[in-house]
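Computed over heavy atoms, backbone and side chain alike; hydrogens, waters and symmetry mates excluded. Small disclaimer: the values here were computed from a predicted structure and weren't measured.
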Amino acid sequence: MKDKIVEKLIKAEEVRQKKVINLIASENYVSDDVLTALGSSLTNKYSEGYPGRRYYGGNVVIDQVESLARERALSLFKLDPKKWHVNVQPLSGSPANFAVYAALVPLGGKIMGLKLSSGGHLTHGQSVSMTGKIWKQVPYEVDPKTEMLNYKEIEKIAITEKPDIIVAGFTAYPRVVDFKKFAAIAKKVGALLMVDMSHFAGLVAGEEYPTPFKYADIVTTTVHKTLRGPRSAMIFVKKDKREMDKKIDKTIIPGLQGGPHNNQIAAVAIALKEASTPAFKKYAKQVIKNAQAFGLALEKKGWRVITGGTDSHLLLVDTWAGGKGLSGKEASDKLEKAGIIVNMNTIPQDPRGVMDPSGIRVGTAAETTRGAKEKDFVEIANKMDAILRK
Ligand code: DSN
């Protein structure tokens, strides 16, 4: 690389990534092929529009790349192209979710989403997100006792509030979501059901987490978490007389975005193929086994694990409880100094603020890619315990 300053920074980040134990639940390590596609000449091309209908000439190859990514996306999740459409152009998860609301929810309409402190995402209608400014969030929370979703309560809220869209999905909820129950509630109140599977898409692909596709009208996902692809997102949408597929496509371009990032879309296509292999299925299984072993080991050391465990790749740990009195920020800082990377996170009913919450979120997707097994996570739990008690 001619730019020695940037080259040095890239090398330094590579070294950092290799040195640490990475427990960020939303991160992963992509294959060399994905990296190659990201750094390819596809980045040079403008291709506003969709395959076969572009505003610029010279897209004969790019059309094939995007069509391939679409075919692989539908095939990975076993979707019939006559019944489902996928848009692979969203630049990342937040713009993908925004695009769904912009296409399908009237301005000022209601988005019913999981509260941030219960594990929801900013773009599920939180007031600080544009999704909560343009639309109104109707929040639902996890049950204060079980810390799990309470479908009876969710139904009550939906009946009272009559949201336009119900969002199921999370960034910090460790359990499986009952999409069938969500679909029944959405049907009862005449709302659309959107599932944001960003966190667990790889587990769905590996058939280790329930599929939302039987029940949802729209499914959004990032590609870079458990799915182990490049930073990118996709919107899956049912094809029927509501023409939601056409509305979503028009909202992405010309509504919100310009030229798609073609290098990224090629990398998505590669990741989708990788995720369809038996090796990936094994990976998804191991991710969950590791998270469960990790949770048990933390509990054995006296740490309170939210909901008492996990069905997925992530765990929420209460660092304040049991007289430990460590805020999530303090815990995260202490761990980082010792080479373990986590993020501070609110826990259900958190009395402390978002910037200094009572817990941390940890995940197993990244270290499982690097070959970690259950015994490694028991070791990591013991190491974390020793660091946090100092
Ligand atoms: N930042 C992602 C996460 O960590 O869950 C969501 O946007």
Side-chain angles (χ1 to χ4, degrees), residues 16 19-27 114-122 124 126-129 139-150 153 170-175 199 290-367 372 374-390:
R16 188 202 66 81
K19 237 177 29 196
V20 298
I21 294 172
N22 183 5
L23 302 178
I24 302 284
S26 47
E27 292 183 9
L114 185 60
K115 249 187 157 176
L116 205 59
S117 56
S118 284
H121 189 252
L122 286 168
H124 298 174
Q126 316 293 333
S127 60
V128 291
S129 151
Y140 61 93
E141 295 179 63
V142 291
D143 184 273
K145 280 209 187 91
T146 62
E147 300 176 320
M148 298 200 205
L149 294 171
N150 177 337
E153 275 307 309
F170 55 79
T171 57
Y173 179 73
R175 297 299 183 168
H199 264 269
N290 285 349
Q292 289 171 342
F294 192 19
L296 270 177
L298 286 166
E299 281 187 331
K300 270 195 192 150
K301 287 285 175 186
W303 295 90
R304 192 175 88 79
V305 173
I306 303 302
T307 77
T310 183
D311 308 317
S312 67
H313 61 301
L314 72 82
L315 292 153
L316 274 175
V317 185
D318 185 340
T319 51
W320 192 266
K324 297 188 183 70
L326 259 186
S327 75
K329 169 107 181 72
E330 283 165 332
S332 162
D333 289 350
K334 272 189 160 193
L335 291 167
E336 180 158 4
K337 280 197 191 113
I340 299 180
I341 311 299
V342 305
N343 65 272
M344 59 180 172
N345 218 98
T346 48
I347 58 171
Q349 312 294 312
D350 203 325
R352 307 169 60 84
V354 176
M355 296 312 288
D356 194 23
S358 304
I360 54 173
R361 184 187 67 166
V362 290
T364 55
E367 289 302 324
E374 290 96 317
K375 66 171 177 15
D376 302 302
F377 276 97
V378 172
E379 238 175 72
I380 294 171
N382 294 343
K383 199 168 164 190
M384 281 173 65
D385 174 66
I387 297 161
L388 293 176
R389 283 180 196 277
K390 256 191 214 153

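- You'll find the side chain of Glu141 reaches within 4.5 Å of the side chain of Gln349, heavy atoms only.
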Problem set entry | Residues Leu116, Leu122; criterion side-chain contact (heavy atoms from CB on, under 4.5 Å); working and verdict | CA-CA 7 Å; Leu116 205 59; Leu122 286 168; 4.1 Å; yes

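- Between the side chains of Thr171 and Arg361, no donor-acceptor pair is found at a separation under 3.5 Å.
- In this structure, OG in Ser26 is found 7.5 Å from NE2 in His313, a value given to the nearest 0.5 Å.
- By the 4.0 Å N-to-carboxylate-O rule, Asp333 lies close enough to Lys329 to be salt-bridged with it.
- A donor-acceptor contact under 3.5 angstrom links the side chains of Asp356 and Ser327, judged on distance only.
- One N or O on the side chain of Ser312 and one on the backbone of Pro174 form a donor-acceptor pair closer than 3.5 Å.
- No side-chain heavy atom of Met148 sits under 4.5 Å from any side-chain heavy atom of Asp143.
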Exercise. Does the side-chain contact (heavy atoms from CB on, under 4.5 Å) test come out yes or no for Leu23 and Phe294, once each step is laid out?
Worked result: CA-CA 11 Å; Leu23 302 178; Phe294 192 19; 3.8 Å; yes

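- The structure places CD1 of Ile340 at 4.5 Å from CD1 of Ile21, a figure rounded to the nearest 0.5 Å.
- Asn290 and Glu367 share no side-chain donor-acceptor pair at under 3.5 Å.
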For this session: Apply side-chain contact (heavy atoms from CB on, under 4.5 Å) to the pair Trp303 and Asp318, showing each step before the final yes or no.
Result: CA-CA 7 Å; Trp303 295 90; Asp318 185 340; over 6 Å; no

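- Taken to the nearest 0.5 Å, the OH atom of Tyr173 stands 10.0 Å off from the CD atom of Glu147.
- Other residues, nucleotides and ligands place more than 12 heavy atoms under 6.0 Å from the NZ atom of Lys324.
- Glu336 CD to Ile341 CD1: the interatomic distance, rounded to the nearest 0.5 Å, is 4.0 Å.
- Side-chain atoms of Lys334 come within 3.5 Å of backbone N or O of Lys390 as a donor-acceptor pair.
- Summarising the geometry, atom CG belonging to Asp350 is positioned 8.5 Å from atom CD1 belonging to Ile306; distances are rounded to the nearest 0.5 Å.
- Under the 3.5 Å distance criterion, the side-chain polar atoms of Gln126 are matched with a main-chain donor or acceptor of His121.
- Distance check, rounded to the nearest 0.5 Å: NZ of Lys19 to CG of Asn22 gives 14.0 Å.
- At distances below 3.5 Å, not a single donor-acceptor pair connects side-chain atoms of Thr346 with backbone N or O atoms of Pro357.
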